[in-house]
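Here's the structure we're looking at; comments come further down.
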Protein chains: 2
Amino acid sequence: MTVWDRPEPPARPVPLDRERIVAAAIALADEGGLEAVSLRKVAARLNAGPMRLYGYISTKEELFDLMVDAVQAEILPEERPGDWREALRDLAHRTRRTVLRHEWLADLLGGRPSLGPNGLAVTEATLAALDGLADVDTALRAVEMVSAYSTGAIRREIANLRAGRATGLSERDRQRAAGPHVTRMLATGRYPALGRVVHDATHVDAEESFATGLDWVLDAVAARLHRT
Amino acid sequence: MTVWDRPEPPARPVPLDRERIVAAAIALADEGGLEAVSLRKVAARLNAGPMRLYGYISTKEELFDLMVDAVQAEILPEERPGDWREALRDLAHRTRRTVLRHEWLADLLGGRPSLGPNGLAVTEATLAALDGLADVDTALRAVEMVSAYSTGAIRREIANLRAGRATGLSERDRQRAAGPHVTRMLATGRYPALGRVVHDATHVDAEESFATGLDWVLDAVAARLHRT
DNA sequence: CTCATGTCGATACACTGTATTGATCCATGA
DNA sequence: TCATGGATCAATACAGTGTATCGACATGAG
């Protein structure tokens with residue numbers, strides 16, 4: 001058997017690690033949303049068979065967990081501002097911007113506890129902002145409230161954004177015209193208060209709306225802090 | 001051809017409507033979570049072929065929308081309490097209890113705008129609570145903030161509940177021991193504030209935690225109302 | 001050089017949402 | 001009364017999913 005008869009040995013498989021796998025999955029999700037992430041496509045992007053991934057993760061959910069933790073690194077600020085209020089505000093806005101960069105994050109954030117290193121670091125940073133300003137119980141309550149508001153508000157923002165994209169209307173148009181369906185519903189007269197709002201509310205862009213709500217929430221925190 | 005040769009005519013198909021379809025889907029979701037809802041299973045529960053459903057809905061997402069709207073009826077109170085604060089609190093707690101009855105709702109609520117009749121009715125009821133107490137802009141901001149907090153907090157509660165069920169630990173144990181993984185992470189010393197909280201925080205059950213956070217949020221609303 | 005070990009990928013399975021297609025029914029017009 | 005048109009429904013089909021199983025093969029030890 002000469003060299004010419006023998007086939008080349010199979011290419012040594014590309015070395016793999018979780019980081020590479022997660023990066024590929026995130027790239028897919030950034031391009032086509034969460035439903036574009038399939039184990040087959042992730043593996044294909046790494047020149048590997050689908051089953052190869054099961055050495056590094058044991059379920060697709062675990063891949064999602066890793067993805068969330070990876071992008072949560074983008075939330076962490078380099079330096080902590082001195083003021084607690086500024087720190088909390090900054091964290092909330094960084095979270096929002098991160099989700100805007102990775103819209104699929106809205107589908108996962110809050111869906112499971114974030115126990116990865118970066119997820120814990122975000123919680124740590126939030127708690128640290130209130131360090132020494134309140135007893136642990138108050139601080140915990142405050143952090144939970146702020147993050148509940150943030151994730152809820154961000155999720156709605158993304159939902160509206162997607163809905164707007166689907167109907168092809170701009171955000172402004174959607175609030176006013178609200179689409180033929182909502183217009184018809186309002187015409188029934190069964191939603192008077194809602195009708196007034198749709199008709200009279202002054203439009204504010206999403207970031208400002210988020211910021212205002214956040215300010216209210218932070219006011220609530222401030223009230224409890226100073227009471228101590 | 002005698003009667004004996006001819007087969008019986010095929011059973012007239014069971015009449016179908018969206019209500020029946022949605023009810024079947026909700027039953028499936030209540031039993032086995034959202035991922036237990038497949039068009040095939042829903043159809044089977046109604047003695048119909050899968051394709052039959054496409055006369056009533058044109059996509060699975062639409063079925064989800066209908067499911068959400070259907071259970072949102074459970075949120076609406078029979079009578080509106082006089083006090084705005086009581087009204088908002090009641091709506092939030094009703095939302096929470098509804099999600100606890102239908103855990104899958106946590107995965108959908110906030111994921112898309114709720115534009116069905118009941119979804120709009122919930123928004124209407126929330127807005128109506130503040131009617132005449134503030135200008136439309138303030139009222140809208142308040143409603144958005146309260147509902148962002150509610151959905152965010154409820155979603156986290158369900159997430160924790162599921163995680164606890166998965167590890168078999170009770171809610172109390174999870175907060176203290178937090179599982180071997182978190183214990184190990186805390187031992188690294190990289191999360192000092194978090195460590196203090198896990199160690200020192202007094203345990204409160206989920207409902208009380210939700211109620212407290214909600215009170216803070218409502219305080220923030222009150223502050224803006226009286227300012228007018 | 002041989003053998004055991006453990007890793008990798010092909011195959012397979014049960015299942016998904018949905019498009020297409022063909023049969024079967026009812027209501028209508030002649 | 002019969003034929004015909006149109007609608008309704010079920011069967012089949014397809015491309016894709018997550019994951020279990022298992023055979024082959026390269027690599028390290030003896």
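For the numbers below, each heavy atom of this structure counts, side chains included, while hydrogens, waters and symmetry mates do not. Just so we're on the same page: letters track the sequence lines, and every chain starts at 1.
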Answer yes or no: is there a side-chain heavy-atom contact under 4.5 Å between A/H181 and B/L115?
-> yes
Once you round it to whole Å, what is the distance between C1' of C/dT16 and CG of B/L53?
-> 14 Å
Worked verdict on A/T151 versus B/R156 for side-chain hydrogen bond (donor to acceptor under 3.5 Å, both in side chains) = CA-CA 10 Å; A/T151 61; B/R156 189 200 16 240; over 6 Å; no
Protein N or O to nucleotides 15-18 of chain D N or O, pairs below 3.5 Å:
unit_1, atom_1, unit_2, atom_2, d
D/dT17, OP1, A/S38, OG, 3.0
D/dG18, OP1, A/L39, N, 3.4
D/dG18, OP1, A/K60, NZ, 2.8
D/dG18, OP2, A/L39, N, 3.0
D/dG18, N7, A/R40, NH1, 2.5
D/dG18, O6, A/R40, NH2, 3.1

Output yes when A/E208 and A/R96 qualify as a salt bridge under the 4.0 Å nitrogen-oxygen rule, no when they do not.
-> no
The correct set of residues in residues 23-33 of chain A placing a heavy atom under 4.0 Å from DNA chain D is none
To the nearest Å, how far apart are B/R52 CZ and C/dG17 C1'?
-> 19 Å
Whole-Å distance between D/dT12 P and B/M51 CE?
-> 13 Å
Run the salt-bridge test on B/R97 and B/E74 with the 4.0 Å N-O cut-off and return the result as yes or no.
-> no
Rounded to the nearest Å, what distance is computed from the CZ atom of residue B/F64 to the C1' atom of nucleotide C/dG17?
-> 11 Å
Report yes if the side chains of B/E207 and B/E157 come closer than 4.5 Å at any heavy-atom pair, otherwise no.
-> no
Does A/F64 reach the side chain of A/W104, with side-chain heavy atoms less than 4.5 Å apart?
-> no
Length of the line joining A/L46:CG and C/dG9:P, which is rounded to integer Å = 11 Å
Do A/L161 and A/E103 have side-chain heavy atoms sitting under 4.5 Å apart?
-> yes
Rounded to whole angstroms, how far apart are CD on B/E61 and C1' on C/dT16?
-> 15 Å
Heavy atoms only: give me the nearest B/P192-A/E124 pair and the separation to one decimal.
-> CD-OE2, 3.1 Å
A/Y56 OH to C/dG9 C1', straight-line distance once rounded to whole Å = 13 Å
